[in-house]
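Here the structure is laid out as structure tokens; the discussion comes afterwards.
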Amino acid sequence: MIDLHTHTTASDGTDSPAELINKALSAGIKTLAITDHDSTSGWSEAIATLRTPMSLVLGAEISTLTVEGISVHILGLLFDGEDRDLQAMLSDSRDTRIPRMRKMIELLAADGIAITMEDVIAATPPGATVGRPHLADALVKNKVIASRDEAFVDLLHNASKYYVTHAAPTPEDAISQIKKAGGVAVIAHPFASRRGEIISAATFTTLVAAGLNGIEVNHRDHSQVEREQLTEIADQLHLVKTGSSDYHGNGKLNALGENLTDPAEWEHLESLANARRVVRK
Ligand code: AMP
Ligand code: ZN
Ligand code: FE
Ligand code: FE
């Protein structure tokens, strides 16, 4: 079983990297990618916890914005974690999330909703990339709302009046930095329309020109029809097709291994990195 997209307490997941590895081992996952938002800070704990028979794929999920302002998530896998330009890009993204969070809090507080930056900081694990799920947790703690999911439905979704975007690289920039760092780039849940505006089928061609290697086809937020459309696009553009859980611990319903990547697709994707970086013990 191959699951190529998961989150930990290094971003907005609720399991530590060690807990994630242990749960994935119990679930029978043989190849697991750790892909926290805009961060590689969970990698070392994941490596330290890793045991046979699991293979670990180190990565990150990079938040990007197209020039039209559409939010696109790019999974970078198997890149050199020491690459300075890529780390600078991730660090810039993390930095801009802080004023963005302050703005969202100002908008909520101006409407009489009980929330402060201190509440959100208290709800964010030390060193984690701060995001809306931490704001949601703080709203739950303040009894404004019952759950992360309800917070997203009522207050924090992309079309909400409280939603503020943060500065981010374009998908093309993120893809080319991942590639320069020797890794492979996969577009995450491209047709997850529930989250907001999605890219057109034509946009994939531009991303391929920037170096895109794969499309996450099998994902909870894609319908059967959307999976079929993405399969067609991937086949036409000779892109690898992946599947993954986008596991967030108990922060989301997504169960480890609920969507998987075909071994032949993974073998192809792995061969496109500039070095053999899968971690085994
Ligand atoms: P941000 O990066 O701060 O814009 O927050 C986006 C994150 O919110 C993504 O990682 C999503 O997984 C998470 N998210 C989106 N919708 C929901 C939801 N309904 N429940 C829990 N988390 C969500
Ligand atoms: Zn997330
Ligand atoms: Fe995502
Ligand atoms: Fe994700």
Side-chain angles (χ1 to χ4, degrees), residues 3-15 20 32-42 57 59-65 69-77 90 92-105 107-108 117 120-121 123-125 128-140 145-160 162-169 174 185-198 216 218-222 242-256 258-259:
D3 189 341
L4 295 181
H5 177 175
T6 65
H7 297 270
T8 75
T9 48
S11 63
D12 55 8
T14 61
D15 289 341
L20 170 70
L32 177 81
I34 169 173
T35 54
D36 277 300
H37 297 286
D38 301 326
S39 178
T40 60
S41 72
V57 179
E61 181 177 20
I62 306 180
S63 298
T64 74
L65 282 175
I70 301 172
S71 162
V72 172
H73 288 177
I74 301 290
L75 294 166
L77 304 173
L90 298 179
D92 286 349
S93 269
R94 290 195 301 273
D95 289 349
T96 72
R97 284 168 167 274
I98 294 162
R100 176 264 193 145
M101 185 57 70
R102 287 192 195 281
K103 277 190 204 144
M104 288 190 70
I105 289 165
L107 292 172
L108 288 159
M117 188 66 184
V120 177
I121 291 168
T124 308
T129 304
V130 69
R132 281 178 284 166
H134 303 114
L135 173 54
D137 291 349
L139 289 166
V140 171
I145 213 106
S147 66
R148 264 193 191 187
D149 208 48
E150 195 180 311
F152 272 89
V153 171
D154 289 355
L155 299 171
L156 305 183
H157 56 88
N158 290 34
S160 159
Y162 305 115
Y163 179 70
V164 176
T165 181
H166 57 87
V186 175
I187 182 166
H189 48 71
F191 281 178
S193 51
R194 198 171 58 88
R195 301 173 181 224
E197 206 186 338
I198 56 166
E216 187 178 55
N218 297 318
H219 185 282
R220 165 183 284 260
D221 294 354
H222 292 153
T242 71
S244 49
S245 63
D246 203 356
Y247 176 74
H248 279 71
N250 60 27
K252 270 189 158 184
L253 296 173
N254 310 28
L256 271 171
E258 67 170 30
N259 280 293

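When a residue number appears, it is its place in the shown sequence, counting from 1. Order of listing sets the numbers, starting from 1, for every ligand and every atom in it.
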Residue set satisfying side chain to side chain donor-acceptor pair (under 3.5 Å) with R194, at least two apart, ordered chain then number -> D221
Result for side-chain hydrogen bond (donor to acceptor under 3.5 Å, both in side chains) between E216 and one of H73, H5, H189, H222 points to H5
D12 and H248, any side-chain heavy atoms less than 4.5 Å apart = yes
Any protein N, O or S atom under 2.8 Å from the Fe ion (ligand 4)? Found H5 NE2, H7 NE2, E61 OE1, D246 OD1
Rounded to the nearest 0.5 Å, the CD1 atom of I98 sits from the CE atom of M117 at a distance of 6.0 Å
Taken to the nearest 0.5 Å, the spacing of T129 OG1 from R97 CZ works out to 6.0 Å
Quick check against the 3.5 Å criterion: does S11 have a side-chain atom that pairs as donor or acceptor with the backbone of H7?
no
- Message: Test your reading of the model: is there a side-chain donor-acceptor pair from S245 to the backbone of N259, 3.5 Å cut-off?
- Response: no
Protein N/O/S atoms closer than 2.8 Å to the Zn ion (ligand 2), ordered by chain and number, come to D12 OD1, D12 OD2, H37 NE2, H248 NE2
Test your reading of the model: is there a side-chain donor-acceptor pair from D3 to the backbone of L32, 3.5 Å cut-off? no
CG (L75) and CD1 (I62) are apart, to the nearest 0.5 Å, by 9.0 Å
Any V186 side-chain heavy atom under 4.5 Å of L4 side chain
no
So OG1 of T165 and NZ of K103: to nearest 0.5 Å the spacing works out to 9.5 Å
On a heavy-atom basis, the closest approach of S63 and A168 is O-CB, 3.4 Å
- Query: Taking the side chain as C-beta and beyond, is there a heavy-atom pair between Y162 and I105 under 4.5 Å?
  - Reply: no
Using heavy atoms and a strict 4.0 Å limit, residues surrounding ligand 1 turn out to be D12, H37, R97, R100, G131, R132, P133, D149, F152, H248, G251, K252
